[in-house]
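Every heavy atom of this structure was used, including side-chain atoms; hydrogens, water molecules and symmetry mates were not. Throughout, protein chains are lettered first and strands after them, A, B, ... in sequence-line order, and every chain is numbered starting at 1.
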Amino acid sequence: MTPPDTSLAETLRPQAPAGTFRLFAAGDYAGLQEHLSVFGALDTGSIGPDFIGVLEASGLTGRGGAAFASWRKMAATAESGSAGILPSRPVVIANGAEGEPLSFKDRTLLANSPHLVLDGLLAANRAVAGSQMYLYAAPDSLAGVAGAIAERPDARRIRLVPAPETFVAGEASAVVNAIATGTALPLDKRRRLSEAGLKGRPTLVLNVETLAHIGLIARYGAAWFRSTGSPADPGTRLLTVSGPGPVQVQEVPGNAALGTILHDAGIDARALSAVLVGGYHGRWVRPLDYRISPSGPDGQAVRPGAGVILALPADQCGLAATARILNYLAGESAKQCGPCMFGLPAMAGVLHRIASGEPNPQLPRELDRLSKLVSGRGACHHPDGTVQLVHSALEIFADDVKAHLSGRCMREDGRTA
Amino acid sequence: MSDTLHIDWTKCDGRGLCTELLPALLARDDWGYPVSRRSRSGNRTDVPIGADSLDAAADAVRLCPRLALSLVGERTSRRA
């Protein structure tokens with residue numbers, strides 16, 4: 001696809017936010033008036049298929065976890081929507097389900113900047129010539145969104161659907177399933193959602209933060225979006241940073257340095273054992289000179305995933321922490337797919353034996369065998385994400401594993417004998 | 001021309017019929033569920049089927065008691 005002439009869209013409006021403070025620029029709990037006075041009005045009616053080219057030029061990637069190029073998803077949906085003898089107009093879904101226990105960015109965004117998300121949803125719907133719009137989020141978030149919709153006539157067609165607070169409820173096919181049937185479980189995917197999703201229609205599921213960025217790109221253009229971040233990871237992203245001290249939601253530039261993020265959160269990096277990046281399907285990293293970016297060489301860049309950063313203090317055992325997370329993930333299996341339903345609890349059991357100091361040198365090998373057994377075998381990526389977490393734990397906490405296998409723990413809070 | 005055998009894990013109950021019909025392609029895991037012996041970039045949900053296994057794969061699709069299998073042609077198969 002060749003990017004269309006975007007000269008008009010590239011014209012910087014006086015109110016374009018400078019720097020990396022973008023998504024919350026309209027202030028806390030921004031109503032329509034604050035929203036319009038800070039960002040200016042957006043004529044979504046003038047947006048058409050050309051906008052997909054603007055998004056391509058912007059380099060925006062999905063902020064829900066997979067970091068897929070947003071324009072590609074949109075182009076695929078638009079194409080399916082116009083294909084065939086009886087074209088079926090697409091459905092666009094704003095996904096605000098935030099099943100990651102350590103993620104708060106999406107609910108923070110929906111509470112404070114609902115109009116930006118609505119702008120993005122309306123713009124995306126126009127770009128793919130969609131016929132139906134949904135916003136799917138936890139009931140607590142929907143109340144505020146309903147208030148925002150009541151403030152503006154152009155958003156009245158958006159239907160609100162409550163999301164359950166389960167880990168897999170935000171997986172794209174689970175979102176479609178929840179809207180269609182009320183059951184937020186992932187579906188088998190013989191066809192992509194962009195071809196056949198909700199009621200067989202081409203379906204575009206975009207994270208609410210992704211849509212908020214789209215709401216800004218529709219106003220200020222691709223060059224403005226790229227004015228922060230790096231060429232390969234332009235724009236900003238929201239992160240939820242937790243560790244010692246209160247949980248924080250930060251808006252950071254693309255390709256941000258992990259050390260800076262921790263410093264800005266008031267966390268002393270020297271007092272840490274390791275940092276979990278991406279959420280419960282993410283990776284442990286150490287040392288901390290990593291960049292947070294969906295692309296970049298291993299060992300220098302770590303994928304942001306769901307935008308979760310968890311700092312583990314030096315006196316806490318990473319194996320015990322991972323075992324607790326694995327226990328949770330095993331419990332959050334949708335229990336539809338055998339390898340996940342049986343494999344994840346089996347993996348959790350082995351990791352618990354390692355974490356509790358059972359001096360059995362076969363345990364890491366068994367954990368590796370189980371990991372290989374479950375990966376790539378499920379309707380969704382829950383097993384694969386879990387395997388990624390476990391692999392990174394065995395790598396980053398390799399010395400701890402050795403210590404545990406000889407019956408001791410290197411950390412003060414370790415529970416080994 | 002390469003076809004794949006798609007496993008719908010949400011339906012599969014590990015009855016094992018497919019593993020008996022396609023022993024060269026499918027093993028059974030600890031719990032009886034089929035495991036592809038080969039994978040395409042980590043995807044073990046769409047099992048590559050050679051021409052010599054096509055008939056047996058078609059039988060597996062037809063006989064699976066859970067209707068969990070389907071044959072997907074190269075052009076319509078989803079990306080890994």
Side-chain angles (χ1 to χ4, degrees), chain A residues 66 68-69 72-73 76 80 83 168 171-174 176-177 181 183-197 333-347 349-350 366-367 369-385 387-388 391, chain B residues 2-20 22-49 54 57-58 60-62 64-80:
Chain A
F68 196 71
R72 280 188 198 278
K73 240 171 151 172
S80 310
V168 298
E171 193 268 343
S173 70
V176 168
N177 197 5
T181 70
T183 307
L185 296 178
L187 298 167
D188 178 59
K189 294 170 214 63
R190 261 197 57 174
R191 298 177 70 190
R192 296 188 205 183
L193 296 175
S194 62
E195 296 166 13
S333 166
K335 298 179 178 62
Q336 298 190 106
C337 308
C340 179
M341 174 166 57
F342 294 107
L344 266 48
M347 288 170 66
V350 176
E366 173 64 359
L367 190 51
R369 186 188 71 84
L370 288 167
S371 296
K372 290 199 173 96
L373 200 54
V374 302
S375 54
R377 297 171 68 223
C380 75
H381 288 298
H382 191 51
D384 304 67
V387 165
Q388 174 168 265
H391 273 164
Chain B
S2 160
D3 292 83
T4 56
L5 182 68
H6 176 78
I7 304 170
D8 179 345
W9 296 106
T10 68
K11 289 190 181 141
C12 176
D13 204 15
R15 305 287 179 95
L17 200 83
C18 56
T19 60
E20 287 179 23
L22 296 160
L25 296 175
L26 297 173
R28 297 184 83 170
D29 70 11
D30 298 21
W31 312 282
Y33 296 91
V35 192
S36 175
R37 294 185 190 275
R38 290 186 293 160
S39 78
R40 263 186 205 159
S41 52
N43 172 4
R44 294 190 294 174
T45 296
D46 299 286
V47 183
I49 302 285
L54 214 51
V61 170
R62 196 164 44 80
C64 173
R66 302 282 301 167
L67 308 178
L69 300 173
S70 51
L71 271 173
V72 183
E74 177 81 304
R75 270 175 295 176
T76 53
S77 73
R78 70 186 186 94
R79 207 172 51 94

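- A:Ala379 approaches B:Thr10 most closely through the heavy-atom pair CB-CG2, 3.7 Å.
- Contact of the A:Asp188 side chain with the B:Ile7 side chain is not registered, since no non-hydrogen atoms from C-beta on lie closer than 4.5 Å.
- A:Arg190 and B:Ser70 share a donor-acceptor pair across their side chains, judged by distance under 3.5 Å alone.
- To the nearest 0.5 Å, atoms CG (B:Asp46) and NZ (A:Lys189) are separated by 11.0 Å.
- A donor-acceptor pair under 3.5 Å links the side-chain atoms of B:Arg44 to the main chain of A:Leu373, judged by distance alone.
- Heavy atoms of A:Ala334 lying under 4.5 Å from chain B are absent altogether.
- Considering every non-hydrogen atom in both B:Tyr33 and A:Gly338, the closest pair reads CZ-CA, 3.2 Å.
- Heavy atoms only, all atoms of each residue included: A:Pro339 and B:Trp31 are closest at O-CZ3, 4.5 Å.
- In this structure, chain B has no heavy atom under 4.5 Å from any part of A:Leu185.
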*Derivation and outcome, salt bridge (charged side-chain N to carboxylate O under 4.0 Å, His left out), residues B:Asp29 and A:Arg369*: CA-CA 11 Å; B:Asp29 70 11; A:Arg369 186 188 71 84; over 6 Å; no
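- Heavy-atom contacts from other residues, nucleotides or ligands closer than 6.0 Å to NE2 of A:His381 number 12 or fewer.
- Counting only heavy atoms from C-beta outward, the side chains of A:Arg377 and B:Val35 approach each other to under 4.5 Å.
- Both the backbone and the side chain of B:Asp30 come within contact range of chain A, with heavy atoms under 4.5 Å apart.
- Open room surrounds CZ on A:Arg72; 12 or fewer heavy atoms of other groups in view lie less than 6.0 Å from it.
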